[in-house]
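Have a look at the structure below, then the notes.
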Protein chains: 2
Amino acid sequence: MMKISQLAAHSGLSAHTLRFYEKSGLIEASQRTGSGYRRYSEEDIRRVEFVKTARDAGFSLDEIAQLLSIRLDRDQHTCEDVTSITRHKLEAVNEKIAQLTEIRESLELLLESCDGGLDSAVHCSIIEALEAGAAKTTHPNEDQATKEATL
Amino acid sequence: MMKISQLAAHSGLSAHTLRFYEKSGLIEASQRTGSGYRRYSEEDIRRVEFVKTARDAGFSLDEIAQLLSIRLDRDQHTCEDVTSITRHKLEAVNEKIAQLTEIRESLELLLESCDGGLDSAVHCSIIEALEAGAAKTTHPNEDQATKEATL
DNA sequence: ATAAACCTTAGAGTTATATCAAAGGTCAAG
DNA sequence: CTTGACCTTTGATATAACTCTAAGGTTTAT
Ligand SMILES: [Zn+2]
Ligand SMILES: [Zn+2]
Ligand SMILES: [Zn+2]
Ligand SMILES: [Zn+2]
């Protein structure tokens, strides 16, 4: 039976976070000492580890709650239930990556246009591009650049 | 001289958001009518467009504030000031993408292990992997899998 | 003149995931 | 017994970028 700070050290989650997860309904300490200290059983610890692993895998606390309810009652759920959560998460992650990749393109494009030198920014092409509303466009003349590169 | 709702329609930012940006110090309406309505000048509008473009390019409001102060006082700043902000942003975006890519790997790995069928989740390999603390590892035996694939 | 549409402000609420503070009770070592 | 480490709870704070509400004043069109 671990105390909260032992479980914190063991699990890599802070005692604060463990209490927060408890308040969120994800975990619990199945026993308390007479004075109210949390005591975590082996099963409690396994559950905390499950939560930690799922969090590291990228699931939100909400999604972890769903996974936990499946875990607690496996024969009332199907593998489809599990993959559904996982697939939706994967889709969301892919969408986020796609957005960030567009942003990366914008930023690279801006950086390509400015030498970053120590002269005054009076004619800085990045500032100018942002004024021209041109940051979101795809690489200008990427075809032409390719042509030029192959010349 | 535009009113706020006209500028909202023109800029693609809501009137709420325009007021919020004003409170945040990013923009302003250089005039008000006698009754207090905001009136945006051409210069005000250009500034709003700058903010919108920078936001679309992925800059945070804090970063936009920095860019705006450079824009307002260009000859006191260098291109290096501008690229510094942009490079740091790009680094942060790349880091975020890397994190999400790891998460994507985890999720794909989990999905590869489970058929997602309609049978009971009693032996679901995703749940088992999360219990085994195995979600963060790289593809198991990716080398071996490659070997097998080439067999 | 009246109704619809538009504007104002201050301030609260949202989302997700913690993280900390205050005020106090408990436990182990010396 | 005292000191210091550890534990408890409730509730506040933080982040980013909005989003909305309440309560009321203004403009415009018919
Ligand atoms: Zn490029
Ligand atoms: Zn420049
Ligand atoms: Zn894979
Ligand atoms: Zn399964």
Side-chain angles (χ1 to χ4, degrees), chain A residues 1-40 44 48 51-68 85 88-89 92-93 95-96 99-100 103, chain B residues 1-40 44 48 51-68 85 88-89 92-93 95-96 99-100 103:
Chain A
M1 298 294 261
M2 280 188 186
K3 283 193 267 191
I4 196 167
S5 64
Q6 293 174 306
L7 180 53
H10 174 82
S11 67
L13 299 167
S14 74
H16 275 314
T17 299
L18 289 170
R19 291 194 197 96
F20 169 70
Y21 283 0
E22 178 180 307
K23 197 164 58 176
S24 307
L26 294 182
I27 63 173
E28 64 169 349
S30 49
Q31 296 190 30
R32 296 279 182 131
T33 66
S35 54
Y37 285 23
R38 290 168 178 81
R39 311 315 302 266
Y40 294 92
D44 295 338
V48 168
V51 169
K52 172 66 157 55
T53 304
R55 199 196 66 166
D56 287 346
F59 290 105
S60 69
L61 301 192
D62 254 18
E63 290 157 345
I64 292 172
Q66 296 174 51
L67 291 171
L68 281 168
I85 295 170
H88 284 126
K89 183 69 188 185
V93 167
E95 217 167 285
K96 199 85 215 250
Q99 282 169 17
L100 287 171
I103 285 173
Chain B
M1 297 293 260
M2 282 188 187
K3 283 193 267 192
I4 196 167
S5 65
Q6 295 172 307
L7 180 53
H10 174 82
S11 67
L13 299 167
S14 74
H16 275 312
T17 298
L18 289 170
R19 291 194 197 97
F20 168 70
Y21 283 179
E22 178 181 310
K23 200 164 53 176
S24 307
L26 295 181
I27 64 173
E28 65 169 347
S30 48
Q31 296 190 31
R32 295 280 182 129
T33 66
S35 54
Y37 285 22
R38 290 168 178 80
R39 310 314 303 265
Y40 294 92
D44 294 340
V48 168
V51 169
K52 172 67 156 54
T53 304
R55 199 196 63 166
D56 287 347
F59 291 105
S60 69
L61 301 192
D62 253 17
E63 290 157 346
I64 292 172
Q66 297 175 50
L67 292 171
L68 281 168
I85 295 170
H88 284 127
K89 184 69 188 185
V93 167
E95 215 168 287
K96 199 88 215 241
Q99 281 169 19
L100 287 171
I103 285 173

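Every chain is numbered from 1 and lettered A, B, ... according to where its sequence line falls, protein lines coming before strand lines. Values below: all heavy atoms of this structure, side chains included; hydrogens, waters and symmetry mates excluded.
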| query | Backbone N or O of Gln31(A) within a donor-acceptor pair of the Arg39(A) side chain at under 3.5 Å? | reply | no
| said: According to side-chain contact (heavy atoms from CB on, under 4.5 Å), who are the partners of Phe20(B), at least two apart in sequence or on a separate chain? | reply: Ser24(B), Leu61(B)
| So what does Arg55(A) hit on the nucleic acid, given a heavy-atom distance under 4.0 Å: a base, only sugar-phosphate, or nothing? | sugar-phosphate
| task | Could you pick out which residue, Arg38(B) or Ser60(A), lies toward the 5' side of DNA chain C when each is mapped onto its nearest nucleotide? | result | Arg38(B)
| Excluding sequence neighbours, so at least two apart, what forms side-chain contact (heavy atoms from CB on, under 4.5 Å) with His10(A)? | Met2(A), Leu7(A), Ile45(A), Glu49(A)
| task | Under 4.0 Å from any heavy atom of chain A: name the first and the last nucleotide of DNA chain D that qualifies, 5' to 3'. | result | dC6(D) to dT9(D)
| Non-neighbouring partners of Ser5(B) that pass side-chain contact (heavy atoms from CB on, under 4.5 Å), sequence neighbours left out | none
| request: Name every residue in residues 21-34 of chain A that has at least one heavy atom under 4.0 Å from any atom of DNA chain C, in order of residue number, or write none if there are no such residues. | output: Tyr21(A)
| note | Of Lys3(B) and Ser14(B), the one whose closest nucleotide on DNA chain D sits nearer the 5' end is Ser14(B)
| remark: Taken in chain and number order and not counting sequence neighbours, the residues that satisfy side-chain hydrogen bond (donor to acceptor under 3.5 Å, both in side chains) with Ser11(B) are none
| Under 4.0 angstrom, heavy atoms only, what part of the nucleic acid is Arg19(A) near: base, sugar-phosphate, or nothing? | base
| How far apart are the closest heavy atoms of Ile103(B) and Val93(A), and which atoms are they? | CG2-CG2, 3.9 Å
| For Lys3(A), all residues meeting salt bridge (charged side-chain N to carboxylate O under 4.0 Å, His left out), sequence neighbours excluded | none
| Taking only residues at least two apart or on different chains, which pairs with a member in residues 23-34 of chain B satisfy salt bridge (charged side-chain N to carboxylate O under 4.0 Å, His left out)? | Glu22(B)-Arg32(B)
| request: State, to 0.1 Å, how close Ala8(A) and Ala15(A) come at their nearest heavy-atom pair, and which atoms those are. | output: CB-N, 3.7 Å
| request: Name the residue closer to the 5' end of DNA chain C, choosing between Phe59(A) and Ser35(B) according to the nucleotide with the nearest heavy atom. | output: Ser35(B)
| query | When you list every nucleotide of DNA chain C with an atom under 4.0 Å from a heavy atom of chain A, which one comes first 5' to 3', and which comes last? | reply | dT17(C) to dC27(C)
| task | Please list, chain by chain and in numerical order, all residues satisfying side-chain contact (heavy atoms from CB on, under 4.5 Å) with Lys52(A), sequence neighbours excluded. | result | Leu13(A), Arg55(A), Asp56(A)
| note | Closest non-hydrogen atoms of Leu68(A) and Leu26(A), given as atom of the first, atom of the second and distance, are CD1-O, 3.4 Å
